[in-house]
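Following: one structure in structure tokens, then a few remarks.
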Amino acid sequence: MKYFFANWKMYLTAAESRSAARSLAGFSLPEGIRAAVFPNTLAFSAAADELGGSYWQLGAQNVDSTPQGAYTGATSALMFKEAGAVYALVGHSERRHIFGETDEAAHNKTQACLDAGLIPVVCVGESESDRKEDKRQYRLKKQLFQVFTGLNLPSGAALVAYEPVWAIGSGEPCAPADADDVAGWIKLELSQSFGLTAAVLYGGSVTPDNVAGYLEREAIDGVLSGSASTRPDSVAAMLAAVEGSG
Ligand code: PGA
């Protein structure tokens, strides 16, 4: 089983999300693919209306770590669960780098997701300067340890997205063989240090042309697509590429 996750970021309005979701609901998914859409918060209900009864699941792009209370502008994991979310992205690099989210915040949000019954998708990735300074493993290990240390994860299963920051939105994806090595390394780290069985997705400039190359890799359990996933024709092309390679 492989994951196909569509992170719509802040690209689509509610009306555009509804229309894109309606198209996606009509697509048949290739065998063995589990798919989910992560719409903008305000577009979540519209997308949920359209995808209800289809094979597509829904996820939150960002949750607050507190269930309820005086937190202006925030939306809790519990509220997303109520609205129909199954997953939530945590620690996405845009949250870290644009909104200043710390590893500690990523830990708290991950726990909040688990407490609310959402499956957290823990995003990790090295920056361009980490890459130049040969600090990839150092950065990934730090991010993984900050999130998973002290986490109450009774299932023993983790879902991680490896998203090198330099590959996101850049048109310069990480080579599938390289991403596969990193995915294997993440699995080993989480197994040895925390006793967890992890599924690892790859994200960063995934397109119809390269998606199959990731999904055919042994250690890569799926992809997290951003901008390409906002266009239904390109989602259809990605699903067709997956089907064709399977
Ligand atoms: P991208 O984004 O596909 O637009 O590079 C991926 C992500 O940030 O999840």
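Residues: numbered from 1 along the sequence shown. As the structure lists them, so they are numbered: ligands from 1, and atoms in each ligand from 1.
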For E50 and W56, what are the C-alpha separation, side-chain angles and deciding distance, and is it a side chain to side chain donor-acceptor pair (under 3.5 Å)?
CA-CA 10 Å; E50 299 297 331; W56 292 85; over 6 Å; no
Got a donor-acceptor contact below 3.5 angstrom from the D130 side chain to the K135 backbone?
no
A112 backbone acceptor or donor facing S65 side chain under 3.5 Å:
no
Test of proximity, E163 against ligand 1: N or O pairs below 3.5 Å
yes
Is G169 close to ligand 1, meaning an N/O of one under 3.5 Å from an N/O of the other?
yes
Within reach of ligand 1, part of I168 (heavy-atom separation under 4.0 Å):
both
Please identify which atoms of ligand 1 are closer than 4.0 Å to at least one heavy atom of [X].
X    : answer
G204 : 5 (O)
G226 : 1 (P), 2 (O), 3 (O), 4 (O), 6 (C)
N7   : 9 (O)
S227 : 1 (P), 3 (O), 4 (O)

Residue of the set E101, H97, E163, Q61 for which side-chain hydrogen bond (donor to acceptor under 3.5 Å, both in side chains) holds with H92:
E163
Between E126 and Y162, do the side chains contain an N or O donor and an N or O acceptor separated by less than 3.5 Å?
yes
Just checking, is any N or O donor in the side chain of T66 or D64 under 3.5 Å from an acceptor N or O on the other one?
yes
Would you say the rings of F27 and Y55 are close, in the sense that their centroids are separated by under 6.0 Å?
no
Do any heavy atoms of S205 fall under 4.0 Å from ligand 1?
yes
Please report which non-hydrogen protein atom sits nearest to atom 2 (O) of ligand 1, along with the residue it belongs to and the distance in Å to one decimal place.
K9 NZ, 3.1 Å
